[in-house]
Amino acid sequence: MELATKYNPQEVEDKWYQYWMEHKFFHSEPDGRPAYTIVIPPPNVTGILHMGHMLNNTIQDILIRRARKMGFNAVWVPGTDHASIATEAKVVNMLKEKGIDKKDLTREEFLKYAWEWKEKHGGIILKQLRKLGASCDWDRTKFTMDEELSEAVIDVFVDLYNKGLIYRGVRMVNWDPKALTAVSDEEVIYKELQSKLYYVRYQIEGEPGEYITIATTRPETILGDTAICMHPEDERYAKYKGKRAIVPLVNRSIPLIYDEYVEREFGTGALKITPAHDINDYNLGIKHHLETINIFNDNGTLSEAAQFLVGMDRFEARKAIIPLLEEAGSLVKIEDYTNKVGFSERTNEVIEPKLSLQWFCKMDSLAKPALEAVMKDDIRFYPDKFKNTYSHWMENVKDWCISRQLWWGHRIPAWHLPNHEFVVAHNAEEALQIAQEKYPDLNLTAADLKQDEDVMDTWFSSWLWPLSVFDGIRHPDNPEINYYYPTSALITAPDIIFFWVARMIMAGFEWRGTIPFKDVYFTGTVRDKLHRKMSKQLGNSPDPILLMEQYGADGVRFGMMLSSPAGNDLLFDESLCEQGRNFSNKLWNAFRLVKGWTIDPTLSQPLHSATAVLWMRERIQEVLVKVEESFEDYRLSEALMAIYKLIWDDFCSCFLEVVKAAYLQPVDQKTYDEIINLFETLMEILHPFMPFITEELWHELRERPADASIMVTPMPKATGAVNQQLLDDFANAREVIEQVRRIRSEKNIANKQALTLHVLSAKAADEGLDAVVRKLANVEQICHVAPDAEVNGASFILQNVKYAVPLTGLVDAAEEIKKLEADLKYAEGFLQGVMKKLSNENFVNNAPQKVVDMERKKQADAEEKIRLIKEQLSKLQ
RNA sequence: GGGAGCUUAGCUCAGUUGGUUUAGAGCAUCUGCCUUACAAGCAGAGGGUCACAGGUUCGACUCCUGUAGUUCCCACCA
């Protein structure tokens with residue numbers, strides 16, 4: 001059968017994924033082996049695969065596949081997140097397209113649509129992950145709104161409430177006027193915006209012609225002003241103490257107050273106060289007992305309380321109020337101004353600070369052990385620079401607003417009573433029971449209890465993920481949680497370190513008394529090669545599915561991993577995938593080569609092959625050590641690069657070229673067996689990175705049992721001692737080969753033309769290495785002669801041994817001299833540097849003996865080299 | 001406004017307690033090759049006063065200080 005010269009990943013990849021699934025290689029059950037656990041950062045149930053997921057999940061798959069082959073009972077738990085705001089927004093849009101308004105639906109009707117939609121469109125991303133080769137235990141797939149997981153969320157809420165860590169209160173919250181819900185501080189993204197600073201004057205009450213001018217970026221909120229504030233030591237305004245001012249348009253009389261909060265240098269030094277619509281104003285309002293006038297409706301339009309522009313959107317109103325102020329003679333001037341405005345992470349709507357009744361979770365006591373665990377390295381961060389970010393946030397942690405005014409999510413398990421009190425319980429029955437016990441006089445029935453309308457922040461379920469996927473909240477002593485928890489590693493992006501990572505650590509301590517994971521690997525952001533974030537708007541984000549079709553999942557995985565040290569941004573470029581595809585092709589062709597050989601059992605093993613086999617084994621050992629170290633530190637790109645070079649440069653370019661028989665000639669049995677062994681070993685080592693092609697070739701290399709897979713065979717391990725002498729000697733031989741090839745290249749000598757090589761050394765020849773040199777440099781004879789022998793031809797010096805290739809008529813003496821003189825210059829410069837050190841008494845006296853000896857050796861070597869070059873030069877001149 | 005990180009070849013990055021032959025890799029570049037595994041390839045080559053300025057030291061890419069540029073995080077400046 002003729003094999004194609006190009007590797008075709010499409011057919012191979014689907015075949016093997018199916019095979020793995022059929023044989024349940026991804027599935028794990030607790031057993032006697034040590035566990036290696038990863039829980040997937042659950043993507044939004046409505047999400048589709050983007051490059052960030054590709055990076056994140058490739059890393060997880062590599063770690064899981066490696067652990068599995070290292071003898072761990074590896075489990076990778078997949079699942080999705082219900083993503084309250086994002087999903088609800090999608091469902092609302094979908095309904096709108098059908099002509100249905102959410103307002104016209106009951107909660108139950110809406111949720112029915114939402115679930116239908118989730119069933120139909122949800123989890124696409126999990127299907128896409130299979131293309132990537134993700135070896136998730138799909139039997140364990142979880143969803144944050146599954147019944148068991150939802151119950152865990154409720155249990156946790158009730159528990160925290162009973163511990164006094166959950167409270168309800170009116171606070172200034174970040175209001176998203178589009179999603180009509182509060183969002184947490186972490187969900188607000190501040191962006192710099194080009195806006196205007198409006199200067200508006202307010203008349204002093206009872207002092208005609210006297211004005212006080214304020215500066216504001218939000219003139220529409222003037223309608224809700226309830227004070228003007230100045231610095232108490234600002235002489236400019238001292239004379240107004242005790243006076244009042246008149247708010248333009250609405251003609252409301254408001255007090256003038258004094259507070260050190262005000263910066264005298266900013267604007268006019270006078271600040272208008274709108275306690276209902278600004279967090280600082282709100283705090284000042286509390287301090288100075290100011291009236292609060294809420295001039296906005298929940299959707300961001302002006303309310304009746306504003307009196308003017310009622311019903312108009314806040315941004316429209318900002319424009320519309322200007323001519324009104326101008327007409328009233330209140331507008332002084334308008335300046336350009338750059339300020340920061342908060343946007344909702346989910347809807348990209350400008351956040352409106354709003355007073356509302358919300359549920360909060362106290363964080364102080366939860367944060368304490370979680371902070372310690374990371375600072376003490378019980379949990380290791382990779383890279384550890386994120387410890388700084390983490391500790392800063394944890395030390396200044398604020399209470400968490402956990403309620404959202406949405407329908408899609410876990411409903412707050414609180415029931416309101418007719419007497420304006422409420423009870424928190426696991427369900428309505430329990431609530432009624434508690435309420436009846438608490439208020440026996442009310443004669444309560446089920447109909448009197450009304451469940452709170454709000455749902456919980458999505459992260460209030462996500463923070464339990466490592467616990468709840470193993471049912472560790474409801475049944476803390478079940479065998480699964482006892483076996484798989486704490487998990488081994490968490491792979492996630494640094495932008496959710498507060499949302500998710502920190503809170504999972506808190507939850508781990510609160511409900512299990514221990515860490516949820518041992519290591520956290522923070523991936524970088526995937527950017528394009530111009531360093532821009534990948535985004536839909538820019539259109540610079542490739543479709544991962546198309547990429548995988550083009551380059552193979554293995555090729556894309558290779559491309560993602562090759563340049564992605566932990567925590568560093570990944571500058572993605574398709575050429576990286578191209579490199580991955582090329583590597584696949586290289587592997588494929590190496591296989592084709594070996595596959596095409598015939599074996600002659602009567603042949604004995606040639607010396608060059610025997611030597612190459614010994615060397616290749618040792619090289620693999622060397623790389624295994626490197627790979628193991630790299631994995632320890634999560635330096636996956638380094639591990640991959642080491643393997644890449646091992647396969648391409650050592651195995652293909654060198655080893656296979658040595659053992660390769662002449663055209664149509666058979667190879668001996670012994671060498672062939674070794675080649676298959678080595679090839680197989682390389683596939684084992686590479687497998688976690690490129691699972692498909694390694695499985696394919698592993699099966700092609702030998703007959704395998706029907707249910708065999710490279711996924712579950714043991715990973716080759718470093719045996720310990722590496723024969724460094726052998727490696728060094730072989731490396732030297734490769735340099736000799738390179739030099740001979742260089743001479744060929746420079747002198748235009750065809751590869752076919754065999755050469756003779758003279759080695760001017762007193763040392764005994766190493767027959768094995770000579771055999772390798774003969775083969776790869778196409779040298780028919782290597783003559784070992786005395787160091788001072790006369791040999792003409794192109795020469796070079798390696799390790800202070802002179803080599804010469806006699807060439808009749810091809811050697812240009814002038815050219816040789818030029819090259820030797822360049823070498824001489826370098827060697828002399830080098831010697832000079834060494835001598836400078838050695839002639840420095842301080843150096844000789846203070847530096848460790850070892851270092852001084854090293855310098856002396858450098859000196860001796862350099863002097864010998866110079867002698868050799870000079871000798872050679874004198875012969876030529 | 002605070003805090004943290006980064007700055008090494010054209011690009012992306014290594015450089016592990018300051019000394020390992022006057023800095024390494026991959027990609028890209030250049031030269032020569034369709035050599036019977038692979039042109040998605042083979043063989044060879046070139047390319048860096050380690051951001052800048054001081055300091056500590058016998059010795060600095062490595063430690064300290066400052067400057068510049070850059071990235072990220074946090075913060076209520078109207």
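Sequence lines set the chain letters: A, B, ... in the order given, protein chains first and strands last, and positions in each chain run from 1.
The partner of B:rU7 is B:rA68, by the rule that a Watson-Crick or G-U pair needs both atom distances under 3.5 Å.
Ion pairing between a basic and an acidic side chain is recognised when a charged N comes within 4.0 Å of a carboxylate O; A:E352 and A:K354 show no such pairing. The pair A:K857-A:D853 does not meet the salt-bridge criterion, since no charged nitrogen lies less than 4.0 angstrom from a carboxylate oxygen.
Residue A:W648 is classed as a sugar-phosphate contact, given heavy-atom separations below 4.0 Å to backbone atoms only. The residue A:P848 sits close to a base: some heavy atom pair falls under 4.0 Å.
Put simply, OH on A:Y826 is 6 Å from C1' on B:rU22, counting in whole angstrom units. The distance between atom CZ of A:R744 and atom P of B:rG44, rounded to the nearest whole Å, is 11 Å. Distance A:Q753 CD to B:rU35 P: 18 Å, rounded to the nearest Å. For the pair A:M854 CE and B:rU22 P, the interatomic distance rounds to 12 Å; values are reported in whole Å. Taking atom CD of A:E746 as the reference point, atom C1' of B:rC30 lies 14 Å away to the nearest angstrom. A:N339 places its CG atom 13 Å from the C1' atom of B:rC76, with the value rounded to the nearest Å. Taking atom CZ of residue A:F830 and atom C1' of nucleotide B:rG19, one finds them 12 Å apart after rounding to whole Å. If you measure from atom NZ of A:K857 to atom C1' of B:rU21, you get 9 Å, rounded to the nearest angstrom.
Among the nucleotides B:rG41, B:rG15, B:rA78, the one closest to the side chain of A:K586 is B:rG41. Comparing B:rC58, B:rC76, B:rC72 by their closest approach to the side chain of A:F843 singles out B:rC58. Taking only side-chain atoms of A:Y261, from C-beta outward, the nucleotide of B:rC77, B:rC58, B:rC42 with the closest atom is B:rC77. In this structure, of B:rU22, B:rC73, B:rC38, it is B:rC38 that holds the atom nearest to the side chain of A:R592. The nucleotide whose nearest atom lies closest to any side-chain atom of A:H531 is, among B:rA78, B:rU12, B:rC38, B:rU12. Comparing B:rC58, B:rU20, B:rC76 by their nearest atom to the side chain of A:A847 picks out B:rC58. Residue A:N840 places its side chain closer to B:rC58 than to any other of B:rA40, B:rU21, B:rC58. Comparing B:rG5, B:rA45, B:rC38 by their closest approach to the side chain of A:K385 singles out B:rG5. When distances are taken from the side chain of A:T217 to each of B:rA40, B:rC58, B:rA78, the shortest belongs to B:rA78. Looking at the side chain of A:Y663, the nearest of the listed nucleotides B:rA14, B:rA37, B:rU36 is B:rU36.
To the nearest whole angstrom, the two P atoms, one in B:rU20 and one in B:rC63, are 16 Å apart. B:rG48 sits 26 Å from B:rU56 when the C1' atoms are compared, rounded to a whole Å. Between the C1' atoms of B:rC42 and B:rA37, the separation comes to 11 Å (whole Å). Rounded to whole Å, the C1' atom of B:rG44 lies 44 Å from the corresponding atom of B:rG54. Atom P of B:rA23 sits at a distance of 15 Å from the matching atom of B:rG19, rounded to the whole Å.
The base of B:rA37 sits with one of its N or O atoms less than 3.5 Å from a complementary donor or acceptor on the side chain of A:E657. One cannot find a donor-acceptor pair under 3.5 Å joining the base of B:rA43 and the side-chain atoms of A:R741.
Between A:F558 and A:F583, the ring planes lie tilted relative to each other; the angle falls in the 30° to 60° range. The aromatic rings of A:W588 and A:F591 sit tilted, their planes meeting at an angle between 30° and 60°.
For A:F343 and A:Y190, the ring centers sit 6.0 Å or farther from each other. Taking the six-membered ring for Trp, A:F386 and A:Y390 have ring centres at least 6.0 Å apart.
Nearest-nucleotide assignment on RNA chain B puts the 5′-proximal partner with A:K6, out of A:G267 and A:K6. Position along RNA chain B of the nearest nucleotide to A:S653 versus A:S637 favours A:S637 as the more 5'-ward residue.
Using a distance-only test at 3.5 Å, with no hydrogens or angles considered, no donor-acceptor pair links the side chain of A:N174 to the main chain of A:I351.
OP1 and OP2 of B:rC11 both lie 4.0 Å or more from every side-chain N or O belonging to A:K529.
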